[in-house]
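Per chain, numbering begins at 1; letters A, B, ... match sequence-line order.
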Amino acid sequence: MSDSQKSDRTSKAYNPGEIEAKWYRFWEGNGFFRADRSSRKKPHVIMMPPPNVTGALHMGHALQDTIQDALTRMRRMQGYESLWMPGKDHAGIATQNVVARALEEEGSSRHALGREAFVARIWEWVDEYGGRILQQKRRLGDSCDWDRERFTMDPGYVEAVQRVFVQLYEDGLIYRGHYLVNWCPVDQTALSDEEVDNVERDGDIWYIRYPVPEADAHITVATTRPETMLGDTAVAVHPDDERYRHLVGKHAVLPLMNRKIPVVADSYVKMDFGAGALKVTPGHDKNDFEIGKRHNLDVISVINTHAAVNEHGGPYQGLDRFEARERVVADLDALGLLDRVERHRVSVPVSHRSKAIIEPLLSRQWFVRMKPLAEPAIEAVRDGRIRFFPKRWENEYFRWLEEIRDWCISRQLWWGHRIPVWYYTTSAGEIDESRDFVVSIEQPEPGMVQDNDVLDTWFSSWLFPFATLGWPQSDKDTRADLAYFHPTDVLVSGYDILFFWIARMIMSSLHFMGEIPYRDIFITGMIKDKLGRWMSKSLGNGIDPIEMIEQYGSDAVRFSLTVLCAQGQDIKLDSSGFEMGRNFSNKIWNAFNVFGRFMEPGKDYRRQREFQDLELVEQWMLLRLHRTIEAVDRDIGRYRLNEALGKIYTLFWGDYCDWYLELIKPPFGEEMDEETIALAVELYETMVQLLHPFMPFITEELWHRLRQRSEGEACIVSAWPVASRAPASDGAMEVFTLLQEMTTGIRNVRSRYRVAPGKSIAPVINLPRGADRLAVMLSDHQQYFAKLANTSDLKIGIELDKPDASASVVIREYEVYVPLADMVNLEAERERLLGEINQKEAFLTRIRKKLDNAQFLSRAPAGVVERERQKERDAVAEITRLRGNLEELPEHA
RNA sequence: GGGUCCUUAGCUCAGUUGGUUAGAGCGCUACGUUGACAUCGUAGAGGUCGAUGGUUCGAAUCCAUUAGGACCCACCA
């Protein structure tokens, strides 16, 4: 052991900083993260949800990466060719905005720069800052194959996106259309329906009277957006509505605009809502657009892309839509046409990203026909080829896919994948709308111009599982790689992108690869602040993972996040939660010293003893370890990482440290013998391996301290522990458990009677007739009691007498007497015994009630009944002995 | 208007196909620092599992109703 290691050994607290940097360099330098199909092992693949290039690491990443890394590392240790594919997303709007803002601060703008220079500027930004988040992920210990890192704007990826567009067009699944789309006036682009949130707000509903001169009447309509009336082209009533039947076919005069508009009958109109008559604005409302189509109504757009009234808005031209609203209402009121205003709960469409209120605008955009893609995706989950963990997310998935609407994929941005569509131009250089466009990756003919728009970012991310593996390049090597690694094994993600990304990847993989993208989907909960609110920049309630890593250590952060991550539940996170991880790291660190300080440098400690030759506590610990390995494997298979890790935690802290280490510790000044060290090392090594996927840094460090390791050996690539079949333990578990209970009982008495920790006591263990073998076993382990409960002269025998002035502990049919001499407080002891008797009797009553029930006896499984009988016998034995002890208590001290 | 989830100890939460004397971490109480760890140890207090009803031999767990909270979806102007 080197001097530096010796000095570390004496430092009391675990200090993560240097250790983390050292081992990350070691792993990467040795190529342990690389996955290579030439190993011919079974592959295990996870695709990292690519973070936005503009992003900084947040707690959601930290959580999901911890899980993905744990799974990746575990599979690697289990002998899989384990690939965790990293990447980053070009994030169209987000990235464009970041660079545009920077330009504005320089007093410039993207329009001043022009498209080409602006895009070049974004590339510069990406080259400079785009790698930041992936650097941060290294701090977490992410063991991704960085050599394979892909960006959704890489040349090969661009090709994949273009190919997909062309193929979908050829499959008849992409079309161009003039429809009402969700227009974001801030980002100046169309959005998909998924990018729009409906937010409920308090608002008003205005009732407006439209004159119908032909019938010398008025018809009242209700609206929450009065400014849109400027574009009304009809009034609709329900065909069965007696109140308005006589007006159908006549014309209203649209106030303010003095336009004659027809009164039409359409069963869409609800008679009992609002005024029972509906103003129809096909240019600014999706339902009205449909009504308009049914009645051949004109479509008039009165609001422009900046959400201001345009030239069709008469005197209101140039006003912002909300100013126009006020003016329209005021003018109607002045004309006496405003019937009334009521308060109303309105649902306002808002851009997911900019939070601006969406304006439905008539616009020509590109769409993907989704139904044909959705059907196979539904089937893949329905027939179990793809499984959700937790399963309930299936419902959300089915519901969305079953009612899926076409996907608007064109975006009026400059940063992104250009749409591979070309137009002929007129002699003036304008697009020649009289000629058909051509869908093509390359320019089909000189002089043709490419569509100005780019594609929705998700139109590239939905190809991630296969585009990152080289599709569609058809060279032999890429094909082989793709065939080897695709489909992948598990996707780990949050439910926030179930529709945006997860479901769409399934559709694209099935369509283009003819395969599912992944077998399992593990949906994590989302990280919230301690009050349950989303963490956000505006609230300033975020917790920075990097800060937490610096404060508590990466392993601590990972540990706490994993333990807090129960199946699908959101995590209310407080930074104090990382203390648990830090404390555990420290515990692991210090436990090593218990035996580590006795190890001779360079010596390899290997156990020579067979199981039967081990000490009782050693047998017990080994059995506990192997039972835990089994349980951990089961939990991991169901993505219950929190439970797996919780079990390892209990094993390490509650069993290994609290009992095993306490018992193998040599007395003052004595050495630890070689064979004892050998088993301590073996157990510790195995637990370090079990912990490695969750806490990679500290475990790698300690794994190297345990033994002399040769070049290229590392915990990260060591073989995952296999649970061995339980050896015949000859009752080790049971005897040791009894010994633990007795120890706790003696400690309890010591504590109650304030026996100073330094003062030893001499208990008597009284066993019933026939327990001779147990008596021998306990006698053989007197030193256990001595170490754990500071006992001396322990007397163990059959039907022994209770010493005078002693407290007693009853465990089933066994008794432990703790002589207290003058320390015993008779009143206290009497109370203690009475309390225990009461508790046991209540318990016995419950058990007997069950056992007295004939139904229970006849219907419950035999094993359950037998267990209850055993409880009854134990309780009876305990009560009898407790009563005996109570009676024997002298009246006075 | 549909749908999902949550309600368990003072706090934050686990709890698998129904059978445990319902667990953890933090906090609390008492005691304990001359060699693993005070980022610790030992002992302890603390819960009729939101409410009601049902199914069952048996319910924190399954079903129904209900109260409170969170979220998702939906074109009611």
Side-chain angles (χ1 to χ4, degrees), chain A residues 9-10 12-14 198 205 221-225 228 236 268-270 272-281 285-288 290 344 346-347 390 392-393 395-396 399-400 403 495-496 498-499 525-526 528 530 532 552 556 560 563-564 566-574 576-577 579-597 634-635 638 640 642-643 646 649-650 657-658 661-662 665 668-669 744 747-752 754-758 788-789 839-840 842-843 846-847 850 853-861 863-865 867-868 871 875:
Chain A
R9 204 173 66 188
T10 54
K12 287 195 165 185
Y14 171 58
N198 290 305
I205 183 164
V221 296
T223 180
T224 53
R225 302 172 62 211
T228 63
Y268 168 78
V269 181
K270 304 261 188 301
D272 54 358
F273 187 85
L278 176 68
K279 63 188 271 306
V280 184
T281 321
D285 183 287
K286 283 186 186 180
N287 296 309
D288 292 7
E290 296 302 316
H344 189 63
V346 288
S347 172
R392 64 183 153 87
W393 290 106
N395 300 333
E396 287 280 292
R399 188 181 47 67
W400 185 69
E403 295 164 19
Y495 53 80
D496 55 333
L498 176 58
F499 309 142
M526 307 301 294
K528 305 285 183 67
K530 64 175 166 183
Y552 298 101
S560 291
V563 160
L564 292 171
Q567 286 280 293
Q569 286 317 122
D570 288 347
I571 298 171
K572 278 195 239 168
L573 189 68
D574 183 53
S576 65
E579 285 172 15
M580 202 199 319
R582 181 202 53 188
N583 294 352
F584 187 45
S585 302
N586 197 239
K587 191 74 179 178
I588 297 168
W589 186 253
N590 280 294
F592 170 72
N593 285 336
V594 175
F595 58 89
R597 73 197 148 111
R634 270 199 310 275
D635 289 337
R638 295 180 307 160
R640 292 173 181 266
N642 62 326
E643 292 184 35
Y649 174 89
T650 303
C657 293
D658 290 348
L661 286 183
E662 289 301 327
K665 240 193 271 189
F668 299 124
T744 305
R747 285 167 167 176
N748 187 327
V749 168
R750 294 189 63 117
S751 174
R752 260 173 209 282
R754 302 279 155 83
V755 180
L788 298 170
Q839 197 196 321
K840 296 284 178 206
F843 175 63
R846 277 207 302 281
I847 299 295
K850 264 191 209 175
N853 184 339
Q855 300 274 24
F856 173 71
L857 297 177
S858 61
R859 299 203 188 178
V864 173
V865 175
R867 241 176 293 151
E868 295 301 313
K871 284 185 204 165

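A:R399 contributes atom CZ, which lies 5.0 Å from atom CZ of A:F499 (distance to the nearest 0.5 angstrom). To the nearest 0.5 Å, atom CG of residue A:D658 and atom CG of residue A:L788 are 10.0 Å apart. To the nearest 0.5 Å, atom NZ of residue A:K528 and atom CD of residue A:Q569 are 10.0 Å apart. The structure places CG of A:L278 at 8.5 Å from CG of A:N287, a figure rounded to the nearest 0.5 Å. We find the CD-NZ distance between A:Q855 and A:K850 to be 15.0 Å, quoted to the nearest 0.5 Å.
Using a 4.0 Å cut-off, some side-chain N or O of A:R747 falls inside it from OP1 or OP2 of B:rA43. Side-chain nitrogen and oxygen atoms of A:R597 include at least one within less than 4.0 Å of the OP1 or OP2 phosphate oxygen of B:rA36. A close approach under 4.0 Å does occur between a side-chain nitrogen or oxygen of A:H344 and OP1 or OP2 of B:rA77. Regarding contacts with the backbone of B:rC40, a side-chain N or O of A:N583 is found under 4.0 angstrom from either OP1 or OP2. Between B:rC37 and A:K12, a contact under 4.0 Å exists linking OP1 or OP2 to a side-chain N or O.
When rounded to the nearest whole Å, the span between CG of A:D658 and P of B:rC37 equals 15 Å. Whole-Å rounding puts the A:F499 CZ to B:rC73 P distance at 6 Å. Computed from coordinates, the A:K572 NZ to B:rC11 C1' distance equals 10 Å when rounded to whole Å. What separates OH of A:Y14 from P of B:rA38 is a distance of 17 Å, to the nearest Å. Atom CZ in A:R754 sits roughly 18 Å away from atom P in B:rU42 (whole-Å rounding). Distance A:E403 CD to B:rG1 P: 18 Å, rounded to the nearest Å. With rounding to whole Å, A:M580 atom CE is found 12 Å from B:rA14 atom P. Per the geometry, CZ belonging to A:R399 stands 13 Å off P belonging to B:rC5, to the nearest Å.
Using atom C1' as the reference point in both B:rA24 and B:rG46, the two lie 14 Å apart (nearest Å). Atom C1' of B:rC49 sits at a distance of 14 Å from the matching atom of B:rC6, rounded to the whole Å. The separation of B:rU17 from B:rA60, taken at their C1' atoms, amounts to 16 Å, rounded to a whole angstrom. Here the separation of B:rC63 from B:rU56, taken at their P atoms, is 16 Å to the nearest Å. B:rA45 and B:rG25 have their P atoms separated by 16 Å, with the value rounded to a whole Å. Across B:rU66 and B:rC31, the matching C1' atoms stand 49 Å from one another, rounded to whole Å. For B:rC11 and B:rG32, the P atoms lie 31 Å apart once the distance is rounded to whole Å. Distance noted for atom P between B:rA43 and B:rG23: 16 Å (whole Å).
Donor-acceptor pairing under 3.5 Å is recorded for the side chains of A:K279 and A:T281.
For the pair A:E868 and A:F856, the minimum side-chain heavy-atom distance is below 4.5 Å.
Contact of A:E662 with B:rA36 (side chain to base): a donor-acceptor pair of N or O atoms is detected under 3.5 Å. Interface remark: the A:K665 side chain does form a donor-acceptor pair with the B:rA36 base, using a distance-only criterion of under 3.5 Å. With hydrogens and angles ignored, a donor-acceptor pair under 3.5 angstrom links the side chain of A:Y268 to the base of B:rC75. Donor-acceptor pairing under 3.5 Å, judged by distance alone, is absent between the side chain of A:K286 and the base of B:rC75.
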**Request:** Start with the C-alpha distance between A:L498 and A:E396, add both sets of side-chain angles, then the distance that settles side chain to side chain contact (heavy atoms under 4.5 Å, CB included), and finish with yes or no.
**Result:** CA-CA 9 Å; A:L498 176 58; A:E396 287 280 292; 3.7 Å; yes
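Across all strands, A:R752 comes closer than 4.0 Å to no nucleic acid atom at all (heavy-atom distances). Within the 4.0 angstrom heavy-atom criterion, no nucleotide atom of any strand lies near A:V221. As judged by a 4.0 angstrom heavy-atom cut-off over every strand, A:G525 is placed among residues making no nucleic acid contact. A:T744 comes within contact range of the sugar-phosphate backbone alone, with a heavy-atom separation under 4.0 Å but no base atom that close.
Each of B:rU16, B:rG25, B:rU39 was ranked by its minimum atom distance to the side chain of A:R582; first place goes to B:rU39. Of the candidate nucleotides B:rC75, B:rG32, B:rA36, B:rG32 has the atom lying nearest to any side-chain atom of A:P757. Looking at the side chain of A:K587, the nearest of the listed nucleotides B:rU39, B:rA36, B:rG15 is B:rA36. Listed nucleotides: B:rA36, B:rA77, B:rU39. Nearest to the side chain of A:N593: B:rA36. Nearest nucleotide to the A:A222 side chain, out of B:rA77, B:rA36, B:rG32: B:rA77. Nearest nucleotide to the side chain of A:Q569, out of B:rA36, B:rC5, B:rU39: B:rC5.
By the salt bridge (charged side-chain N to carboxylate O under 4.0 Å, His left out) test, A:K572 pairs with no residue at all, sequence neighbours left out. Among residues two or more places apart in sequence or in another chain, the ring-ring contact (aromatic ring centres under 6.0 Å, His included) test is passed with A:Y649 by A:F559, A:F584, A:W653. Residues meeting the side chain to side chain donor-acceptor pair (under 3.5 Å) test with A:K665, sequence neighbours left out: A:E662.
Closest-nucleotide positions on RNA chain B for A:N395 and A:E643 were compared, and the one nearer the 5' end corresponds to A:N395. Positionally, the nearest nucleotide of RNA chain B for A:D570 lies more toward the 5' end than for the other of A:D570 and A:S751.
Relative to the six-membered ring of A:Y268, A:K270 meets both conditions, a distance below 6.0 Å and an angle of at most 45° to the axis.
In this structure, A:F273 and A:H344 have perpendicular ring planes: the angle between them is above 60°, well past the 30° mark.
Between A:D635 and A:R640 there is no salt bridge, since no side-chain nitrogen of the basic residue lies less than 4.0 Å from a carboxylate oxygen of the acidic one.
In this structure, A:S560 contributes its side chain and A:G577 its backbone to a donor-acceptor pair below 3.5 Å.
Pairs of Watson-Crick or G-U wobble type, with distances under 3.5 Å, assemble into runs of 3 or more in RNA chain B at these ranges: B:1-7 with B:67-73, B:10-13 with B:23-26, B:28-32 with B:40-44, B:50-54 with B:62-66.
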Enumerate the protein-to-nucleotides 18-20 of chain B contacts in which both atoms are nitrogen or oxygen and the separation is below 3.5 Å.
unit_1: B:rG19; atom_1: O2'; unit_2: A:R867; atom_2: NH1; d: 3.4

Listed pairs, N/O of protein and of nucleotides 59-62 of chain B, under 3.5 Å:
none

